[in-house]
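Data block below; observations after.
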Amino acid sequence: MLRFFPRVAIALYKMPIFKRLKKASGKAALYIAYKSGNYGLVEEVVLAHTKKFRPSVDFIDKYISAGSFKHFETIASSSKVSAEIASIIRAGALQAEGRADDAVALLTGVNPQPFLLRRKVALTLRNIHRQRHEHGKAAAVMMRFLESEENRVLISLGVSTAASAEAANEEVLFVSAISRVLVDIERVDERGKLFKQHWKEAVAGCLAVFDIQGAIRIARRAKAKGLKAGKVLAETQALRDELAPILHVVSEAHADILARCGRADLVPHDVQAMIIVPGAAVRTNKRDYPGFRTDIRTCLKGIVQTLETEGIRYGVKGRIWNHGSVDCGFPFFSYHTVSDAIRGLHFKETDRPSLFSFDERGYAGWSAFSQASFVDLKSENLSQDAADNFFEQDRQRMVANRISKYTQQDVMEKLPQRFIFVALQVMGDAVQSLAYMTPFAMLDEIIMAAQKRGLAVVVKRHPACKSVEIGKYLEDKKKAGDIVVTLGNIHDLIPASQAVCVVNSGVGAEALIYEKPVFVFGRSDYMGACFVCKGEGDFERQFSENKTRLTGPELRKFWYFYRNEYACDLSNGSDSFRWIAARVRGHLRHHKLGADNV
């Protein structure tokens, strides 16, 4: 029913009602059209709105993310649209055409007066570079912006800039960005007016640099001043209490950050191993599944406890950016990272809430597990009954509870009778670098093969995707009748499909539990059970309706190893701590460390 409301809101423009109501109806129509995935209608709303009103930055943001640019020049040329916003719109259209370099060139010369527009230009440039995995350029763009806004408190942007710099191993930029964060926190703490405006951002900044006590102090002070800080204070104190067994480790991560910025001296000491504390352990995100950050902290606790039990001398480093290639020259333990060597034990959430992989090479398609064939798993050592029983229990739990990593919408929609389901990912996501081809080339391959067989192609955009290129491509293909775009629940889409196609999304793993044919167009940790498409024509050559890569018994054995050897279910309480301890000890033994090697 949401799909009808934007049309109603547009109709209000033609009625002689109050100007404010017309403006509000435009914003409501835009929001509903965007949320319902009707991106062509988004442009209609913007077109009508900009004939009468000046659009806000947020208004234009949603228009550009939608990716429908049929009337972009008319909108950009409107007398209600400033020259700076017009440039942002035109840059979005260039991105949608795959001309990112031209978009960067256009925006580089734009220097608007209003702060919000200056920030929007900088963020647009940053996002273009991030989508292309040009993290050093993204950090440089944002650092220039921060330096040009020296009188403003920009803590969250400083943290984001430091993260990009860290991803690019640009230590000078990292130090500059974090130093700005620390200076802004101090300014907020010292000035009453700034404190009232930015205390919450200062709390988040303290957490980003692992200063738990500093975050609590600022939140407590805000509450004492009568600000609405009770919830933030309680949450921060709860975080401190949860971290109590490893608070000394988090404090060392904070000291590491300060030392890198020249604000503290680290006393060098001989270590046998290194723990890299992730910023993800002390921050939150609206997209998190309940308990996600607690799961990360559980992994850290298990690692620290085991190292201390084994008498291992370890050092600590803090890391703000999640993904990255790291190596310490000796055994280390790190979240959401990869390595060419096998000195690290990398842990990360998988496609399932509370299920974390532990691997010597990394996670997803970087993992050592991803390189193992079904034969390499030595499945003959596993009884078929054990594999069958585990598979059935896991399937019942997942299907009955409709478990998925991201919140799914239960929508009423009519699906084609026979179709191939394609789940897309976020452009610029780290694992996209493991793709064998672009998402556009992948979809073109699938569409061509599907049309030859009389099959429809149903596509679901990632809920966090804001790519202009993806938006335009989907809108064009939908108008051409080549695809159906869905917002539906994957637990409705997967079982109804003839096959599931992904680059390396967790949806592919979820499809295996339904025993569907899965085609991956990039490296993934579950690719041993899938058809792999590396080049043009691979999909069509391998596709046969309902034909799976492994036999049923083979799939069940693969699933057992995938869920029990490669990953740990943290919802199992004390059993998960024993699993982590065994995995850490095994890693230590491999490097001739631990009690057994004394």
Side-chain angles (χ1 to χ4, degrees), residues 33-39 42 61-62 64-68 92 95-96 98 127-128 130-133 280 285-289 292 322-323 336 348-353 363-365 402-411 413 415 419-444 446-447 457-478 483-494 497 500-511 518-526:
Y34 186 81
K35 284 295 183 181
S36 65
N38 197 334
Y39 299 131
V42 167
D61 249 350
K62 285 188 170 53
I64 292 173
S65 295
S68 180
Q95 274 186 273
N127 292 341
I128 291 173
R130 277 189 172 181
Q131 286 182 11
R132 302 168 79 182
H133 302 286
N285 188 301
K286 290 186 292 185
R287 286 166 47 200
D288 291 349
Y289 64 76
F292 171 50
N322 280 342
H323 176 77
H336 209 305
K348 183 189 176 296
E349 70 280 2
T350 63
D351 61 288
R352 183 86 62 85
Y363 66 95
R402 296 166 76 82
I403 296 172
S404 185
K405 185 176 179 179
Y406 295 104
T407 302
Q408 300 289 319
Q409 296 184 51
D410 292 319
V411 298
E413 59 182 359
L415 295 170
F419 65 90
I420 297 169
F421 172 44
V422 184
L424 297 181
Q425 292 161 241
V426 177
M427 288 286 282
D429 192 9
V431 292
Q432 279 281 0
S433 65
L434 295 172
Y436 294 124
M437 61 184 75
T438 68
F440 314 110
M442 175 185 76
L443 276 164
D444 287 343
I446 296 166
I447 291 167
V457 176
V458 174
V459 181
K460 182 170 184 180
R461 191 178 188 181
H462 193 285
C465 176
K466 294 183 178 180
S467 166
V468 177
E469 291 177 86
I470 289 288
K472 183 178 186 301
Y473 178 93
L474 294 182
E475 189 64 23
D476 289 346
K477 290 295 182 182
K478 185 171 71 171
I483 64 172
V484 175
V485 177
T486 179
L487 297 172
N489 192 312
I490 62 165
H491 289 292
D492 297 323
L493 297 165
I494 293 172
S497 69
V500 175
C501 297
V502 296
V503 172
N504 46 20
S505 164
V507 173
E510 291 169 313
V518 178
F519 294 79
V520 293
F521 290 73
R523 292 199 59 83
S524 69
D525 48 18
Y526 55 86

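Under the 3.5 Å distance criterion, the side-chain polar atoms of Thr438 are matched with a main-chain donor or acceptor of Ala441. In this structure, the side chain of Asn504 engages the main chain of Arg523 through a donor-acceptor pair within 3.5 Å.
You'll find the side chain of Leu443 reaches within 4.5 Å of the side chain of Tyr473, heavy atoms only.
Applying the side chain to side chain contact (heavy atoms under 4.5 Å, CB included) criterion to Asp492, with sequence neighbours excluded, gives Arg402, Asp410, Asn489. Contacts of Ala364 classified as side chain to side chain contact (heavy atoms under 4.5 Å, CB included), with partners at least two apart in sequence or in another chain: Val431. Residues meeting the side chain to side chain contact (heavy atoms under 4.5 Å, CB included) test with Ser68, sequence neighbours left out: Glu43, Glu475, Lys479. Scanning for ring pair (Phe, Tyr, Trp, His ring centres under 6.0 Å) contacts around Phe421 gives an empty result, with sequence neighbours left out. For Lys477, the salt bridge (Lys or Arg N to Asp or Glu O under 4.0 Å) partners are Asp444, Asp482, not counting sequence neighbours. Every residue meeting the side chain to side chain contact (heavy atoms under 4.5 Å, CB included) condition with Ser505, not counting sequence neighbours, appears here in chain and number order: Gln425, Val502, Val507.
In this structure, Ala511 and Val518 approach most closely via the heavy-atom pair CB-CG2, 3.7 Å. Between Val468 and Ala96, the shortest heavy-atom distance links the atoms CG1-CB, 3.5 Å. In terms of heavy-atom proximity, Lys62 sits nearest to Val42 at O-CG1, 4.2 Å. Here the closest non-hydrogen pair linking Val426 and Cys465 is CG2-N, 4.2 Å. Across every non-hydrogen atom of Leu434 and Gly365, the tightest pair is CD1-CA, 3.6 Å. Gly508 and Tyr526 get closest at one heavy-atom pair: CA-OH, 3.4 Å.
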What do the steps show when you test Ile446 against Val422 for side chain to side chain contact (heavy atoms under 4.5 Å, CB included), and what is the final call? CA-CA 9 Å; Ile446 296 166; Val422 184; 3.8 Å; yes
Stepwise, does the side chain to side chain contact (heavy atoms under 4.5 Å, CB included) test hold for Val520 with Val503? CA-CA 5 Å; Val520 293; Val503 172; over 6 Å; no
For Leu424 and Leu474, run side chain to side chain contact (heavy atoms under 4.5 Å, CB included): C-alpha distance rounded to whole Å, both residues' side-chain angles, the deciding distance at 0.1 Å, then the answer. CA-CA 11 Å; Leu424 297 181; Leu474 294 182; 4.1 Å; yes
Going through the distances and angles, do Leu415 and Glu413 end up as a side chain to side chain contact (heavy atoms under 4.5 Å, CB included)? CA-CA 6 Å; Leu415 295 170; Glu413 59 182 359; 4.0 Å; yes
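In this structure, NZ on Lys460 lies 7.0 Å from CD1 on Ile490, to the nearest 0.5 angstrom. Put simply, CG on Leu493 and OG1 on Thr486 are 4.5 Å apart, with the number rounded to the nearest 0.5 Å. The NZ atom of Lys472 lies 10.0 Å from the CZ atom of Phe440; values are rounded to the nearest 0.5 Å. Between the OG atom in Ser497 and the CD1 atom in Ile420 there is a gap of 9.0 Å [rounded to 0.5 Å]. Note: Asn127 CG to Ser467 OG = 10.5 Å, rounded to the nearest 0.5 Å. Here the straight-line distance linking atom CD of Glu469 with atom CE of Met427 works out to 5.0 Å at 0.5 Å rounding.
Ring planes of His323 and His336: perpendicular class, angle over 60° (limits at 30 and 60°).
Checked against a 6.0 Å centroid threshold, the rings of Phe521 and Tyr436 do not count as neighbours.
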